[in-house]
Amino acid sequence: MGFIGETVDSIKSIKIRQLLTQAITLGMIVTSALIIWKALICVTGSESPVVVVLSESMEPGFQRGDILFLRMTKEPIRAGEIVVFSVDGREIPIVHRAIKVHERGDTKEVDVLTKGDNNDIDDIGLYAEGQLWLHRHHIMGRAVGFLPYVGWVTIIMTEKPIIKYILIGALGLLVITSKD
């Protein structure tokens, strides 16, 4: 009969109780993932504890597709640290190195200028109109570790959405047709 025929027969034979069990299991998996994500946010102090390097601007240190682990502490950012920041008007965070740091003596607040290791000029052109420095609220975290190449899954699913839909459909079909 083939794979498709067996799949259709399997879907037809699903009982309500089995369907509810599978739906609850799927809900628990999604809820667990969200709980783990929120726990990571609390532990790391970063609003996004894991990010993917999306461009070649940090080569050779980080390649496109590397996953970075972030941590945000109260200590001021220092020149040479890899930071991830978001700029007003841009929704995708940027991973670059702090090259200049200006500490205001009265408040001990730190203003930061960044640059990609593979770029010729600093990031002032990436900042919001008229902005010359990043402030604390722009910085999402500093890189404390990385996993090479693992982020390619995210990049491929973002650049080729059909793959994402095929994967989601296949996983949904697997959940519906599983007997356990």
Side-chain angles (χ1 to χ4, degrees), residues 29-168:
I29 291 170
V30 170
T31 303
S32 297
L34 290 173
I35 289 170
I36 291 169
W37 183 256
K38 290 297 184 181
L40 279 173
I41 289 172
C42 292
V43 168
T44 63
S46 174
E47 63 190 78
S48 182
V50 178
V51 295
V52 176
V53 178
L54 297 176
S55 74
E56 295 86 14
S57 67
M58 284 303 292
E59 289 182 355
F62 297 115
Q63 308 293 320
R64 185 169 192 240
D66 290 353
I67 289 185
L68 298 182
F69 300 101
L70 306 181
R71 181 162 178 83
M72 193 63 185
T73 60
K74 295 197 184 296
E75 290 112 34
I77 303 295
R78 297 291 170 220
E81 289 185 306
I82 307 291
V83 296
V84 176
F85 61 92
S86 60
V87 178
D88 300 332
R90 291 180 184 250
E91 66 180 64
I92 298 176
I94 301 169
V95 178
H96 281 174
R97 186 178 304 276
I99 57 169
K100 289 185 184 174
V101 176
H102 172 73
E103 189 171 339
R104 292 184 235 147
D106 55 338
T107 63
K108 299 292 183 192
E109 285 292 315
V110 175
D111 297 329
V112 179
L113 179 64
T114 57
K115 176 184 167 296
D117 290 353
N118 200 25
N119 295 347
D120 295 329
I121 59 172
D122 60 39
D123 291 342
I124 291 177
L126 297 176
Y127 302 161
E129 183 74 28
Q131 182 179 352
L132 301 176
W133 299 89
L134 292 175
H135 306 292
R136 181 100 178 158
H137 70 276
H138 294 113
I139 297 174
M140 299 169 67
R142 33 183 111 168
V144 294
F146 77 104
L147 275 174
Y149 310 114
V150 179
W152 271 104
V153 173
T154 301
I155 292 173
I156 289 169
M157 287 195 300
T158 301
E159 291 180 354
K160 305 226 183 297
I162 188 71
I163 293 174
K164 177 175 31 178
Y165 300 131
I166 290 171
L167 184 63
I168 290 171

Whether the side chain of Arg97 engages the backbone of Gly116 through a donor-acceptor N/O pair (distance < 3.5 Å, no angle test) should be reported.
no

Distance-only, no hydrogens or angles: does the Arg71 side chain make a donor-acceptor pair with backbone N or O of Val43 under 3.5 Å?
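Answer holds: yes.
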
Do you know the tightest heavy-atom contact between [X] and [Y]?
X	Y	answer
Arg78	Glu81	N-OE1, 2.8 Å
Ala128	Val87	N-CG1, 3.3 Å
Leu70	Gly141	CB-CA, 4.3 Å
His96	Phe85	CB-CE2, 4.0 Å
Leu40	Pro49	CB-CG, 3.7 Å
Val110	Pro76	CG2-CB, 3.3 Å

Euclidean distance, [Y] [atom2] relative to [X] [atom1], rounded to 0.5 Å:
X	Y	atom1	atom2	result
Met140	Ile94	CE	CD1	10.5 Å
Lys164	Ile156	NZ	CD1	13.0 Å
Trp133	Thr114	CH2	OG1	10.5 Å
Lys115	Asp120	NZ	CG	7.0 Å
Leu68	Arg142	CG	CZ	14.5 Å
Asp66	Met58	CG	CE	10.5 Å

Applied to residues 29-54, the side chain to side chain donor-acceptor pair (under 3.5 Å) test, sequence neighbours excluded, yields none

Walk me through it: do Asp111 and His135 pass the test side chain to side chain contact (heavy atoms under 4.5 Å, CB included)?
CA-CA 5 Å; Asp111 297 329; His135 306 292; 2.8 Å; yes

Do Glu109 and Arg136 touch side chain to side chain, with heavy atoms closer than 4.5 Å?
yes

What I'd like to find out is whether the side chain of Leu113 reaches to under 4.5 Å of the side chain of His102, using heavy atoms alone.
no

For a side chain to side chain contact (heavy atoms under 4.5 Å, CB included) check, start with the C-alpha distance between Leu126 and Arg90, then their side-chain angles and the critical distance, and finish with the verdict.
CA-CA 9 Å; Leu126 297 176; Arg90 291 180 184 250; 3.7 Å; yes

Side chain to side chain contact (heavy atoms under 4.5 Å, CB included) between Tyr127 and Leu134: does it pass, once the steps are laid out?
CA-CA 8 Å; Tyr127 302 161; Leu134 292 175; 3.7 Å; yes

